Amino acid sequence: MATPVEKWVEEQAGLAKPDQIYWCDGSEEEAHKLIEIGMKKEKIGDNPIFQELNQKVWPKSYLHRSHPTDVARTEQLTFVCHPQKDQAGPTNNWMAPAEAKEKLTKLTDGCMRGKTMYVLPYMMGHPDSPYAKSCVQVTDVSYVAVSMRIMTRMGKNVLDKIGNTDNFVKGLHSVGDFDPNRRLIMHFPQESLVWSIGSGYGGNALLGKKCFSLRIASCLGQREGWLAEHMVVMGIQDPQGKITYITASFPSACGKTNLAMLESALPGYKIWTLGDDIAWLNIGPDGRLYAINPESGFFGVAPGTSMKTNPNMVRTLKKSKFYPTLFTNVALDLDKNVPWWEGADGPVPKRVADWQGKPWTPGQEGKAAHPNSRFTVSLYNAPTLSKEFDNPQGVPISAILLGGRRTQLIPLVAESFDWAHGVFMGARTGSETTAAAAGKTGVLRRDPMSMLPFCGYNMGDYFGHWLDMGKRLKHPPKIYAVNWFRTDDQGKFIWPGFGDNIRVLKWILARANNDVGVKDTPVGLLPNPADLDLSGLSIPKEKMEKLFEIDRQGWQDELKEIDAFLGQFGDHLPAEIRQQRDTLAKRLG
Ligand code: SAT
Ligand code: MN
């Protein structure tokens, strides 16, 4: 008798019609085989899927060049298909499930002809964790199969765990013909199903990532009483050796990976990494909030990564214990056969091929590496990996940071008055767009909790769920709004960021321990200037003041934008959020 997984795979194969079906076991040996296939057999256009890089300098590393139109998430082609439009809310694209499936069925029919269907059984979370979920994805490209080995805990044991049950998250993926007009990324939360066609790009194709672990998981979380968030999970060790765990949300390509493994600019502090993108937050038996990272790899932005900005990531990439490490759409130093990107260490190489393989010279129009070029590398390579990473219970969280990319207005750091005010801070968050999603960059948009592209249900209800979580927590973490990105009159960043962000974290630890007081302002509780450790920095006093200035006129304009954004949720917006908004208006005068 076929198991439900076998039956489901057979059904998908019946539709997609691959030449053969290959069940992955997640082993290293198999990864070698898949890379071999990607170097010799499978192609995108005329390019092989993988090219071997200089193994002496970047061990176990391979270059992948995507289809030129397939370089970022495509939010306009991403849908959540609840039975009712209202359940998706005004910030998601919605289609009725039956109509969505009809469209997808047409696109999928026969799409794997001449190809292999890879079956990927994987866990999100440690298999022993009560919070982990078993999943099965099928795909038709070695790049996705290999990436999933890095990003998730993939293996045969998952099939044993699922056994004869129907208790698994389903992912049907095909790159189709890469035509953006025939591309759709669709979610069916009622069935825990993701169906994605036409793209091989990370967030569109590695279905355990944004599609399941955020969009579908956020719906599960609402139903089951937990949160799926776009957050870093990290431990901060102080000079006494005490480790405090925090989570931090930032939109895509705003420095989450750098924060998650920062090298402290202050002596005595050390960061322990648990995750750089996704956190699942559950209430533990002791009434505290516990975080696990369901992933096991980094899918980080390459440009700007260097020994200056993120030495621990350079070490992670060059160490590669775990096979393999992938570089996608970076440039290539043709003489050394090593990856290169804008902001990499050292001089610009003499002979460079750009991300599409074309000759590139400095000063020409366009970057050598795609601005959203990425590395995919195992967390187990990280010298900063927390010893709690495989703890099935996760780590207890003492503070939640909610960040955005704002050149103006938003202070470096502000503590919320209480949980509900913190939820409002998250709900009102705006951020300037980046290259991680297709479309114009640098445009300010509301991005609550950095979840705008990832919340799988009505965001008004999502705010309500956050409020509810706070009520159920006996010891809720403190919530902070942070912004590393404020600029001066010349458009230069005022705050040095990167390893210097430890200064803000140090203050947050002091607050967690009730060691320092605060300055009460209309927008939140700010540090007293003397309490922020600026030793060794030389930021002029007036610039530091700018980082904490409350621009009342600016906030009045902001309030209008917040109102316009929150207004769309109508009845779904919790009264408490409205009250918070009114209190802010009153405090601003
Ligand atoms: O969505 S991805 O996982 O591809 C990366 C991101 O945008 O955060
Ligand atoms: Mn992300």
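One-based numbering, in listed order, for ligands and for the atoms of each. FYI, the numbering just counts along the sequence from 1. The structure presented is a predicted model; accordingly, all values stated were derived computationally and were not measured.
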Listed partners of Ala205 passing side chain to side chain contact (heavy atoms under 4.5 Å, CB included), at least two apart: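 So Ala205 forms a side chain to side chain contact (heavy atoms under 4.5 Å, CB included) with Val144, His173.
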Side chain proximity check, Phe298 to Leu317, heavy atoms < 4.5 angstrom: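 Side-chain contact under 4.5 Å: no.
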Mind checking what residues have non-hydrogen atoms under 4.0 angstrom from ligand 1?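 Within the 4.0 Å shell of ligand 1, which is judged on heavy atoms, sit Arg73, Tyr201, Gly202, Gly203, Lys209, Lys210, His230, Ser252, Phe299, Arg374, Ala436.
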Show the numbers, then the answer: is there a salt bridge (Lys or Arg N to Asp or Glu O under 4.0 Å) between Asp276 and Lys256? CA-CA 6 Å; Asp276 77 326; Lys256 280 199 301 301; over 6 Å; no
Would you give me the side-chain donor-acceptor pairs under 3.5 Å for residues 391-403, sequence neighbours excluded?
{"from": "Asn391", "atom 1": "OD1", "to": "Gln393", "atom 2": "N", "distance (Å)": "2.9"}
{"from": "Asn391", "atom 1": "ND2", "to": "Glu388", "atom 2": "OE1", "distance (Å)": "2.8"}

Between Lys101 and Glu191, does any NZ, NE, NH1 or NH2 come within less than 4.0 Å of an OD or OE carboxylate oxygen?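 A salt bridge links Glu191 with Lys101.
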Sort out for me which residue in Ser213, Ser218, Ser252, Cys211 forms a side chain to side chain contact (heavy atoms under 4.5 Å, CB included) with Phe454.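 Exactly one pass, corresponding to Ser252.
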Sorted by chain and residue number, which protein N/O/S atoms are under 2.8 Å from the Mn ion (ligand 2)?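 Lys210 NZ, His230 NE2, Asp277 OD1, with waters left out.
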Over 60° means perpendicular and under 30° means parallel, so tell me whether Trp58 and Phe327 are parallel, tilted or perpendicular.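 Because their plane-to-plane angle is over 60°, the rings of Trp58 and Phe327 count as perpendicular.
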Evaluation steps, ring pair (Phe, Tyr, Trp, His ring centres under 6.0 Å), between Phe463 and Phe424: CA-CA 8 Å; Phe463 303 143; Phe424 172 70; 9.3 Å; no
Apply side-chain contact (heavy atoms from CB on, under 4.5 Å) to Leu326 and Ser147, showing your working. CA-CA 8 Å; Leu326 306 179; Ser147 299; 3.5 Å; yes
